[in-house]
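Here's the structure, in structure tokens; my notes come after.
The model shown is predicted, which means the values in this text are computed figures rather than measured ones. Values below: all heavy atoms of this structure, side chains included; hydrogens, waters and symmetry mates excluded.
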Amino acid sequence: MRIILIMLACWLYCLPITFAQKVTLNSQHFDQRAGAQFTYKGQLLKIKWPIGEEQYGEVDLNMKNDAPLFSQMRLGTSKSTKLISSDLDPTFLLTIGKRDLVSQNGWNIFFDKVPEKPFSTYPVKLEKSAVAIETVGSHTVVKISSVKADRFSGDLELTFYHGSPLFNVAAVMATAVDSTAIVYDAGMVNRSSDWKSIAWINTADSLQKAKTLFSDTSTNLAVKYRTIAAKGEQGMLAIFPAPHQYFYPLDEAFNLQFTWYGNQYRKMVDGYGIGIRQKLEGDKRFVPWFNAPPGTAQRLHFFCLLSTDDESKTFASVKKFTHNDTYVKLPGYKTLSSHFHNEFIMNVVLANKPIPEVPDFVQVFKQTGVDIVHLAEFHYTAHPKGPDAQRLTELHALFEQCKRLSDKNLLLLPGEEPNEFFGGHWLALFPKPVYWIMSRKPGVPFTENHPKYGKVYHIGDKADMLRLLEQEDGLAWTAHPRTKGSVNTPDLYKNESFFKSDHFMGAAWKAMPADLSIPKLGMRVLDLMDDMNNWGLKKTVIAEADLFSITPENEMYAHLNVNYLMLDTLPQFEDSWQPILRAMQQGQFFTTTGEVLIPQLSINGKHTGETLQLDSSGSATIDVQLNWTFPMNFVEIISGDGHQVYREKIDLRKTKAFGSQHFQWQTNLSRRTWVRLEAWDVAANGAFSQTFYVDNP
């Protein structure tokens, strides 16, 4: 009898805990007029969102802690649906390391080797204690509390994008610990074993399939388009990362097997899954990982696309989000990509190796849709200071190969990263081949007439360098400003004559450092744009890749960016390249990761690089055409008065995937001296304009 009473007491004691496990739903910010529907019964949250053409996506979310989160995923109409998959759990592995905030420029550091210092990897654990559903524009967002991994904690956030069978899964977490760097792996684990096969596209651009064996140890794959997919009962589930944000900056764009499938991934994921991953050692050069400053909400996330089509059509749907990893043609524009240390001249041509008819790097650029490529050869491999004969031989080989490999569809521009005279690292571009040597001994003239090469310049200091730029109508600009070898520039020389010259264009933008808490890329240089504008200097900023090897097997697109120059025709190599330099110097272009385009932009009828005339009201009308693939997130109108920066954010989360729209906004630019525009989507892909200048009465 005593034993029975003890058991009964224990049962009664546990009853409140059992009841307390029921997760309540907060839906006060949900608006059914936006098109989505939900029901919540028996701790099963059923969500139905419109995906277009009177079709719907449906997910059932199980709020019981001992059950898989995604009970079912379906696609169909209001009358019938097809089951894509069932009993899935999102999985995340968070790797936490130490950021060096001392040796260089704080959080802007690139020369960090995080995996060579102590680090640990932790599974992100989901404890279903609360759930909220809300409408945000044309998105339905579900927040589930809570997630935790070591010193990081936060919520799981699911975002369903109306108008598309696309949704995002994110562990949004923060830490209070300083000097933290992170990377993460993620994916979906199948608890019901209902997947039939796995599919991917290999680096040769060929579709691959493998039968699902749920006992198989996990495999890491080098794929194209960063996507892995599983075939379920009646359709496909494809998983892929944000195409640029997921890839922290490296010197090389090596394909480091960024996807995985199989059982017991890293011996830390319980079950069979598919997903995305990072190689902790990176390219084994400088490996900075992602910044995670204290208190910032780091968004560890991936995208899911549901499909009732076969593997080929499913991957075609994924590839649309990045235009098949290419840059689309726009009337009135030509694309320029800059800063490539391919070293074809030193490693192949002058190394007496067989010279291919069409090298791999040329094929890569053509397949990516780049019209103009500005190289950065001879990066610590050649003889910039001479001996003169050797330097001139190297330059001649560069000019001849660029001429040979250029055609009506691709202009290959010779270029270098000289890193002499001005301080820090910088690039230069001339409107034609120019022979110059980066040394000038006493008694040597500034120019000489060489019997084979014609005019040759000898440069001994920054005054000589500026004189060369002026005489040959060239441009120079700071490479990777405020980081790497330019850690203190252009700030260090902002008051010098060469920097104030029109021949010093400005600086170059790349998405570095990386920070998953920021809904845009490359704040380091975007902030510099604002600073240069407030310095009262008319400077421009082009995108740069700053990569070494360029091969078809590489993950090139994730690390690339491009400038759309306002050019009707592509200059040929034999022509003057001055139209290209003019567009760069005068700000007649926009920069993009590729998914967001700004084919038209004017303010009060003026274009970027021009000066607005305002009346006494200070009113300005912004006319802009935006094209996008992922749903848009926001546009930011950024302006300044010579001292302060002002930001006006326009929410675009009512947009849907694959849109094109003309917008017109009114803004007030009283007492402002400049203004520019940025546009960002939900995957942190974006585009930004150059600067408009403002003349206030």
### Message
Could you check whether any side-chain N or O of D194 sits under 3.5 Å from a backbone N or O of S86, counting only pairs where one atom can act as donor and the other as acceptor?
### Response
yes

### Query
Of all residues at least two apart in sequence or in a different chain, which pass the side chain to side chain donor-acceptor pair (under 3.5 Å) check with R191?
D89

Output a table of donor-acceptor pairs, distance under 3.5 Å, between side-chain atoms of residues 46-54 and any protein atom two or more places apart or on a different chain; print 'none' if there are none.
from	atom 1	to	atom 2	distance (Å)
K46	NZ	D60	OD2	3.1
W49	NE1	Y161	O	3.4
W49	NE1	S164	O	2.9

### Pairs satisfying side chain to side chain donor-acceptor pair (under 3.5 Å), at least one member in residues 32-42, at least two apart
D31-R33

### Message
With salt bridge (charged side-chain N to carboxylate O under 4.0 Å, His left out) as the rule and sequence neighbours excluded, what pairs involving residues 238-248 come up?
### Response
none

### Task
Taking all heavy atoms of A292 and all of T175, pick out the closest pair and write down the distance.
O-CG2, 4.2 Å

### Criterion ring pair (Phe, Tyr, Trp, His ring centres under 6.0 Å) against F302, the qualifying member of F167, F92, W260
F92

With a 3.5 Å cut-off and sequence neighbours excluded, list the donor-acceptor pairs that the side chains of residues 216-225 form with protein atoms.
from	atom 1	to	atom 2	distance (Å)
N220	OD1	R277	NE	3.3
Y225	OH	D205	OD1	3.1
Y225	OH	D205	OD2	3.4

### Query
Sequence neighbours excluded, which residues qualify as side chain to side chain donor-acceptor pair (under 3.5 Å) partners of Q55?
none

### Query
Looking at K284 and E252, does any basic side-chain N land under 4.0 Å from a carboxylate oxygen?
no

### Query
Do you know which of F290, W289, F258 makes ring pair (Phe, Tyr, Trp, His ring centres under 6.0 Å) with F247?
F258

### Task
Check whether any side-chain N or O of E311 sits under 3.5 Å from a backbone N or O of K231 as a donor-acceptor pair, and report yes or no.
no

### Query
Within the distance-only criterion (no hydrogens, no angle test), does the side chain of H244 pair as donor or acceptor with the backbone N or O of A558 below 3.5 angstrom?
yes

### Query
So, do L521 and T593 sit near enough that their side-chain heavy atoms are less than 4.5 Å apart?
yes

### Query
Are the side chain of T592 and the backbone of L597 linked by a donor-acceptor contact shorter than 3.5 Å?
no

### Query
Got a donor-acceptor contact below 3.5 angstrom from the K279 side chain to the L256 backbone?
no

### Task
For side-chain hydrogen bond (donor to acceptor under 3.5 Å, both in side chains), just list the numbers for T259 and Q257, CA-CA rounded to whole Å, side-chain angles, deciding distance to a tenth of an Å, and then say yes or no.
CA-CA 6 Å; T259 64; Q257 299 180 317; over 6 Å; no

### Message
Could you check whether any side-chain N or O of N554 sits under 3.5 Å from a backbone N or O of S549, counting only pairs where one atom can act as donor and the other as acceptor?
### Response
yes

#### Entry: Test log, rule ring-ring contact (aromatic ring centres under 6.0 Å, His included), inputs H301 and F303
CA-CA 7 Å; H301 69 109; F303 289 91; 5.7 Å; yes

### Query
Going through the checks in order, is the salt bridge (Lys or Arg N to Asp or Glu O under 4.0 Å) test met by D155 and K143?
CA-CA 6 Å; D155 300 316; K143 294 183 180 180; over 6 Å; no

